[in-house]
Amino acid sequence: MRRLLSGWVLSLGLLAGAAHADAAKFYFGAGFADGSVDVTDASHKSLGTISATVGVQLLDFVGVELQAGAASDQSGSILSDSLVSYQSAMLRLGYRWDRVGVYVLGGHARLDIDQDLNDSDGGTALGIGINLFGNETTALNLHVLDFDDGAFTTTTIGFQHYFGRFR
């Protein structure tokens, strides 16, 4: 009984310490991108892309990020009739200097690409990015993501908003 009670006290103490330190910071973002998809005849097709991001910064340098996006060659059909859609779950490793943060992303992605373009359906997602904070909670975000060894690539400009402060 004493071990059980000691375990509960220790767990509550650790949770209270983590809550006081405000270690986890949730964020969301949106962006517009120029996407490039490899076509089966060894050429590339440029697509307009929109994306949404949700993440949690677990420590100052480690986070988990989920991203979804859609791409099309016609601006009126990006969401209604997209040629490419993707979802990804990635680990985010980064470092911040004052109001600038750089990071790398790595994880897994699911791709839904029109069969006339190529037959990729998922694989690795790798990326690199930079956040330029204008205030304590909102940043201009620039990043490049490569899906499934070049089957689909995006270069995104957007924003990210952190609940709490970036420091």
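The first residue of the sequence shown is numbered 1, and numbering continues consecutively from there.
Side-chain contact between V84 and D112 is absent, with no heavy atoms from C-beta onward closer than 4.5 Å.
Both Y95 and L142 are members of a single hydrophobic cluster when ILVMFWY side chains are connected at heavy-atom separations under 4.5 Å. Connection of V54 to Y162 is not established within any shared hydrophobic cluster, with ILVMFWY side chains joined at heavy-atom distances below 4.5 Å, either directly or through further cluster members. Linking Ile, Leu, Val, Met, Phe, Trp and Tyr residues whenever their side-chain heavy atoms come within less than 4.5 Å places I157 and L132 in a single cluster. At a threshold of 4.5 Å between side-chain heavy atoms, the hydrophobic network of Ile, Leu, Val, Met, Phe, Trp and Tyr places V102 and L126 in two separate groups.
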Point to revise | Steps toward side-chain contact (heavy atoms from CB on, under 4.5 Å) verdict (F152, T49) | key: CA-CA 11 Å; F152 183 62; T49 306; 4.0 Å; yes
Pair I128, L105 - check side-chain contact (heavy atoms from CB on, under 4.5 Å), show working. CA-CA 6 Å; I128 187 167; L105 297 163; over 6 Å; no
So K25 and D60, side-chain contact (heavy atoms from CB on, under 4.5 Å) or not? Walk me through it. CA-CA 9 Å; K25 296 180 180 96; D60 284 340; 4.3 Å; yes
Set out, in order, the CA-CA distance, both residues' side-chain angles and the distance that settles side-chain contact (heavy atoms from CB on, under 4.5 Å) for F133 and D98, then state yes or no.
CA-CA 9 Å; F133 286 90; D98 196 29; over 6 Å; no
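Of all heavy-atom pairs between M90 and L145, the closest is SD-CD2, 3.9 Å. Summarising the geometry of L66 relative to A89, their closest heavy-atom pair is CD2-CB, 3.6 Å, with the distance given to 0.1 Å. Shown here for S51 and Q67, the closest heavy-atom pair between the two residues is CB-OE1, 4.2 Å. In plain terms, the two heavy atoms of G123 and D148 that are nearest each other are CA-OD1, 4.0 Å. When all heavy atoms of A151 and L111 are compared, the closest pair comes out as CB-CD1, 4.5 Å. Taking all atoms of both residues into account, the shortest heavy-atom contact from A33 to T154 is CB-CB, 4.2 Å.
Evaluated for a side chain to side chain donor-acceptor pair (under 3.5 Å) with N141, the options T156, T53, N131 yield exactly one hit, N131. Among the candidates F26, Y27, Y103, the single residue satisfying the side chain to side chain contact (heavy atoms under 4.5 Å, CB included) test with Q57 is Y27.
In this structure a side-chain-to-backbone donor-acceptor pair under 3.5 Å is missing from H108 to S88.
Rounded to the nearest 0.5 angstrom, N135 CG and H161 NE2 are separated by 8.0 Å. The NE2 atom of H143 sits 13.0 Å away from the CD1 atom of I130 when rounded to the nearest 0.5 Å.
Residue-environment remark: CZ (F32) stays at or below the threshold of 12 foreign heavy atoms within 6.0 Å.
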